[in-house]
Amino acid sequence: QYQGLAGRSTNEVLQLYSAHGQQQKLQRRSVVTQLHGAIKRLKQDLKSLHSFALELLKDFQRQSETYLYQVLTAVQGIQLQNEAMQMFQIKALDLQQSLQEVTERYEKEKQKRRALHNSLVELRGNIRVHCRIRPLLPFDTAAGHSISQDGQRNFSEKVAYAADDETVLVKCSRPGHASINKTFQFERVYNASESQDTVFADVGPLLTSLLDGYNVCIMAYGQTGSGKTYTMLGPQLEENFAFSIEDESELGIIPRATQEVFRLISEKPPGSYWVEVSVVEVYNNEIFDLLAKDSCGKLFGVKRDVITTREGKSDVPLLTYETVENASEFLHLVNKGLQLRVRHPTLVHAHSSRSHLVVTLTITTIVSGDNFGTSWEDEQISQRLNKEVSCTFPQKMRDNKSTSSSRASSPVQLEATEKMKQVKTRLQLVDLAGSECVGMSGVTGAALRETSFINRSLSALADVLGAIAEQRPHIPYRNSKLTHLLQDSVGGDAKLLVMLCISPDQRYLTESMQSLGFGTRARQVQRGQVKKKSLPVPSKAK
Ligand code: ADP
Ligand code: MG
């Protein structure tokens with residue numbers, strides 16, 4: 001522009017120049033105005049940013065307060081919960097402790113009640129009934145053994161349980177049958193897991209009373225395969241041995257009772273007691289003496305008879321009594337006798353014993369006249385005993401072979417001293433034949449005859465108990481050889497314990513109910529207090 005000014009007049013130049021300045025001024029002003037606007041906007045932005053930041057801060061503060069509050073509340077809640085938990089723990093401990101106390105008190109009360117019940121049993125002469133439920137065993141389901149009466153089932157199902165140590169529960173519901181839910185009370189109930197030891201622990205006290213002058217009888221009742229022989233003798237081996245002596249913990253009541261009797265005797269003055277054994281089998285209503293020997297000294301079962309003496313006692317004339325000096329002698333002898341025991345397998349169980357077995361231990365005690373009772377009752381017993389006691393001493397005593405130092409052990413002295421008397425107490429251990437129904441065990445022919453004899457003898461036993469329970473004047477002991485043989489024990493001259501044996505499987509429901517019914521009726525029999533035979537006062541015994 002300025003180059004074009006050459007040759008122009010000064011005025012023109014000045015005019016041009018001032019116009020240009022004017023323009024620039026205007027431009028500057030507009031730039032400043034623009035800047036001004038921008039700054040103003042910036043200020044406004046900054047202001048709103050500031051207030052936003054403030055808002056954000058406030059919001060943040062509010063939120064953190066809320067969270068803090070929440071955290072605090074949660075912590076407080078946890079603390080409260082902790083405290084409550086501790087309280088609960090304390091309460092639980094308290095409850096546990098009081099439960100323990102109550103349980104202990106209950107056990108004590110139960111023991112007291114049991115002791116009272118036992119005294120009542122003693123006073124009334126009740127028959128003690130214990131019930132043992134055996135475990136389910138492989139043969140319960142084994143092939144060929146599984147056909148039940150209705151021919152339907154071939155698997156085992158438990159229907160009999162020990163609800164507690166005094167109650168049996170039978171619970172069963174089968175389609176097409178009325179459901180059963182029934183309990184039975186007994187003095188003691190053993191469940192399937194209770195050992196031979198436990199069972200024997202309850203029998204032990206009876207043996208003490210044997211040496212205190214009471215007769216004792218323990219009999220196992222139940223169907224074939226329910227555990228009678230297992231309970232009385234122990235597990236049976238294939239080779240026909242009565243006792244498997246390898247495992248002592250498996251021994252049954254008979255060998256244990258013998259050991260205990262000899263243990264108790266060992267605590268008494270030497271020579272004042274001796275023990276004789278007889279082993280009798282009742283088979284098809286005949287009595288067999290399993291300890292009788294032939295001319296070569298070999299054991300063979302001889303038929304004997306049972307009679308009633310003038311004193312009204314049952315007796316087996318000519319029965320073999322062997323004197324034994326310790327438990328192993330006894331086991332050896334009984335083992336040999338038992339090999340003669342009649343066995344016949346049934347469908348229920350391959351080792352079925354088809355006879356009743358009665359092992360009797362007779363304990364003879366020498367009593368000096370001084371110590372022989374003085375009360376009227378003792379006098380009566382003494383007179384009765386004088387008549388009833390056999391006048392012959394066992395072979396050993398007659399031969400004067402005894403090594404004992406006791407004053408009473410010399411027969412010469414015994415005969416010389418009028419005052420010396422013998423008192424006999426008797427421990428009868430009975431393994432009854434199976435109580436099952438004929439249809440169940442699938443027997444025919446000779447075995448059927450056996451079964452009907454067994455059934456008849458067991459119903460005779462039930463009849464005898466029924467007659468005693470009803471206090472009938474005539475007790476039908478003589479209806480069977482079994483009841484005739486056991487007359488004195490069942491009739492009230494002995495502390496009697498019936499060990500009911502039960503198979504828990506549903507297939508045996510009918511026979512189990514029958515056995516439980518038998519036990520329940522037996523328990524109700526009151527025979528009057530069992531008489532004690534007078535024995536020496538311990539302190540006077542030498
Ligand atoms: P029973 O004499 O009543 O016919 P057993 O005593 O012979 O019956 O028992 C039948 C089977 O059951 C035997 O093999 C025996 O060993 C077994 N048994 C019985 N009771 C028990 C038990 N409590 N524990 C384990 N096995 C048992
Ligand atoms: Mg048996």
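We count ligands from 1, going down the list as the structure has it; atoms in each ligand are counted the same way.
Aromatic ring orientation, H130 versus Y190: tilted (interplanar angle from 30° to 60°).
There is no side-chain donor-acceptor pair under 3.5 Å between Q223 and S435. A donor-acceptor pair shorter than 3.5 Å cannot be found between the side chains of S503 and D505. Counted by atom type alone, S515 and S512 present zero donor-acceptor pairs between their side chains at under 3.5 Å.
Counting heavy atoms closer than 4.0 Å to ligand 1, residue D431 contributes nothing at all. Within the 4.0 Å heavy-atom criterion, the part of Q223 lying near ligand 1 is the backbone and not the side chain. With a heavy-atom cut-off of 4.0 Å, P135 touches ligand 1 through its side chain alone.
Close N/O approach between G225 and ligand 1 is found [any backbone or side-chain N/O within under 3.5 Å]. At a 3.5 angstrom cut-off on N or O pairs, S226 counts as close to ligand 1. Residue T231 has no nitrogen or oxygen atom sitting less than 3.5 Å from a nitrogen or oxygen atom of ligand 1, judged on distance alone. Any N or O atom pair closer than 3.5 Å counts here, and R134 shares no such pair with ligand 1.
Under a 4.0 angstrom heavy-atom cut-off, R132 registers as being in contact with ligand 1.
The existence of a salt bridge linking E322 and K336 is excluded, since no basic side-chain nitrogen approaches an acidic carboxylate oxygen closer than 4.0 Å.
Distance check for T224 against the Mg ion (ligand 2): none of its N/O/S atoms falls below 2.8 Å.
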Salt bridge (Lys or Arg N to Asp or Glu O under 4.0 Å) assessment of R114 paired with D165: CA-CA 12 Å; R114 207 171 259 174; D165 62 0; 3.3 Å; yes
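The atoms of ligand 1 that sit less than 4.0 Å from any heavy atom of T224 are 4 (O).
Remark: the backbone N or O of V490 is paired with a side-chain donor or acceptor of R527 at under 3.5 angstrom.
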